[in-house]
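Notes follow the structure.
Every number for a ligand or one of its atoms is a count from 1 in the order of the listing.
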Amino acid sequence: MRAIQWAPGEISLLDQTKLPHETVWETFRSAAEVADAITAMKVRGAPAIGAAAAFGLAAEAHRLQGQPRLKEQLIEASQQLRKARPTAVNLAQALDEMDEVLRGVDDESRIAEELYRHALRIAELDVQTNRRIGDLGAELLKDVGGRILTHCNTGSLATVEYGTALGVIRSMHRDGSLQRVYVDETRPYLQGARLTAYELMDEGIPFDIVTDSMAGYLMGQGMVDAVIVGADRIARNGDTANKIGTYSLAVLAKYHGIPFYVAAPMTTVDLRTESGDAIPIEQRHAKEVTHMWDLPIAPEGASALHPAFDVTPGELITAIITERGIVQPPYTTGFSS
Ligand code: MRU
């Protein structure tokens, strides 16, 4: 399954705000349109927004080809894309790379082609990386037990293809070590109930959706062998920002003696950020909490909070599965070795 497609001068996205009931593809030909699609979460998931932004910048270069001040205009577009969502570092990482390519091209007539070529490279690498994470993770988890709880959506829809935490689950299923997946619904955007369930059904992987508040009950009943989640930004000390609700799961897992794994590409590891305190947490609109798809579920005018991510301290994480290998505490030295 793929939710991002591309061609020179354009990028098409499967609108994730409409899944699972409607399959609507939209095509974008400017950086501003792609930035809006990222902010509106038509495309979401840390690696997917990095790749989408790269193709968005390449499309912008195609659109502006031959115009004066091309490089300056593209740097501005890159800055606009960067602001689309603040927590997932993959967005900034991908655009850092694209900016470097842009600065390195002397012949302006070649900029669009070179940017598109690099966006392709980011997308291809993401697919390879996820496969490797899946294999390493399945190997690590094969003796832990096959009943896995996961949060949010970390699959093909959140990456270019295959997925990170959901990639590990896919690989476990392929290897025969997976028994069942418990899918947190993931309030308020319901990435679990809508998107992870959609992907698992598509692959015939057995699962149950549970509300976020059921995790403690399941763990207390001895129904969960391991928790595995993705990440939006991992600080140098292993503190990990991921979808709101991840921290609560890690605390519950610790209490119940259940291993808690994070699966993420190295592009999600931000060695410039010392600890979780320095990770910017996106605050989204309260209406996404008080309403569901424009239907109010709270009294009119009710106040609500909406931090979209939380930070799980590295000490609660059993191991971080990257394409380079399994990193265990202490993370401060683990990522650089
Ligand atoms: O707000 P979202 O849906 O973009 O949040 C996504 C997550 O938190 C994922 O767990 C994370 O990006 C990893 S996706 C491979």
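- In this structure, a donor-acceptor pair under 3.5 Å is absent between the side chains of T87 and D232.
- Side chains of R44 and N153: a donor on one and an acceptor on the other come within 3.5 Å.
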Kindly print each ligand 1 N/O atom paired with any protein N/O atom under 3.5 angstrom away, one pair per line, or none if nothing qualifies.
{"from": "ligand 1", "atom 1": "1 (O)", "to": "R85", "atom 2": "NH1", "distance (Å)": "3.3"}
{"from": "ligand 1", "atom 1": "1 (O)", "to": "R85", "atom 2": "NH2", "distance (Å)": "2.8"}
{"from": "ligand 1", "atom 1": "1 (O)", "to": "K243", "atom 2": "NZ", "distance (Å)": "2.8"}
{"from": "ligand 1", "atom 1": "3 (O)", "to": "R44", "atom 2": "NE", "distance (Å)": "2.5"}
{"from": "ligand 1", "atom 1": "3 (O)", "to": "R44", "atom 2": "NH2", "distance (Å)": "3.4"}
{"from": "ligand 1", "atom 1": "3 (O)", "to": "Q191", "atom 2": "NE2", "distance (Å)": "2.8"}
{"from": "ligand 1", "atom 1": "4 (O)", "to": "G45", "atom 2": "N", "distance (Å)": "3.0"}
{"from": "ligand 1", "atom 1": "4 (O)", "to": "R85", "atom 2": "NH1", "distance (Å)": "2.8"}
{"from": "ligand 1", "atom 1": "8 (O)", "to": "D232", "atom 2": "OD1", "distance (Å)": "2.7"}
{"from": "ligand 1", "atom 1": "8 (O)", "to": "N242", "atom 2": "OD1", "distance (Å)": "3.1"}
{"from": "ligand 1", "atom 1": "8 (O)", "to": "K243", "atom 2": "N", "distance (Å)": "3.2"}
{"from": "ligand 1", "atom 1": "10 (O)", "to": "N242", "atom 2": "OD1", "distance (Å)": "2.6"}
{"from": "ligand 1", "atom 1": "12 (O)", "to": "A46", "atom 2": "N", "distance (Å)": "2.9"}
{"from": "ligand 1", "atom 1": "12 (O)", "to": "D232", "atom 2": "OD1", "distance (Å)": "3.2"}
{"from": "ligand 1", "atom 1": "12 (O)", "to": "D232", "atom 2": "OD2", "distance (Å)": "3.0"}

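- D239 and S275 form no side-chain donor-acceptor contact under 3.5 Å, judged by distance and modelled atom types alone.
- A cation-pi arrangement, defined by a distance under 6.0 Å to the six-membered ring centre and an angle within 45 degrees of its axis, is absent between R132 and Y162.
- In the model, S109 has a side-chain atom that pairs as donor or acceptor with a side-chain atom of D107 under 3.5 Å.
- Hydrophobic clustering (ILVMFWY, side-chain heavy atoms < 4.5 Å, transitive): I49 and M98 are in one cluster.
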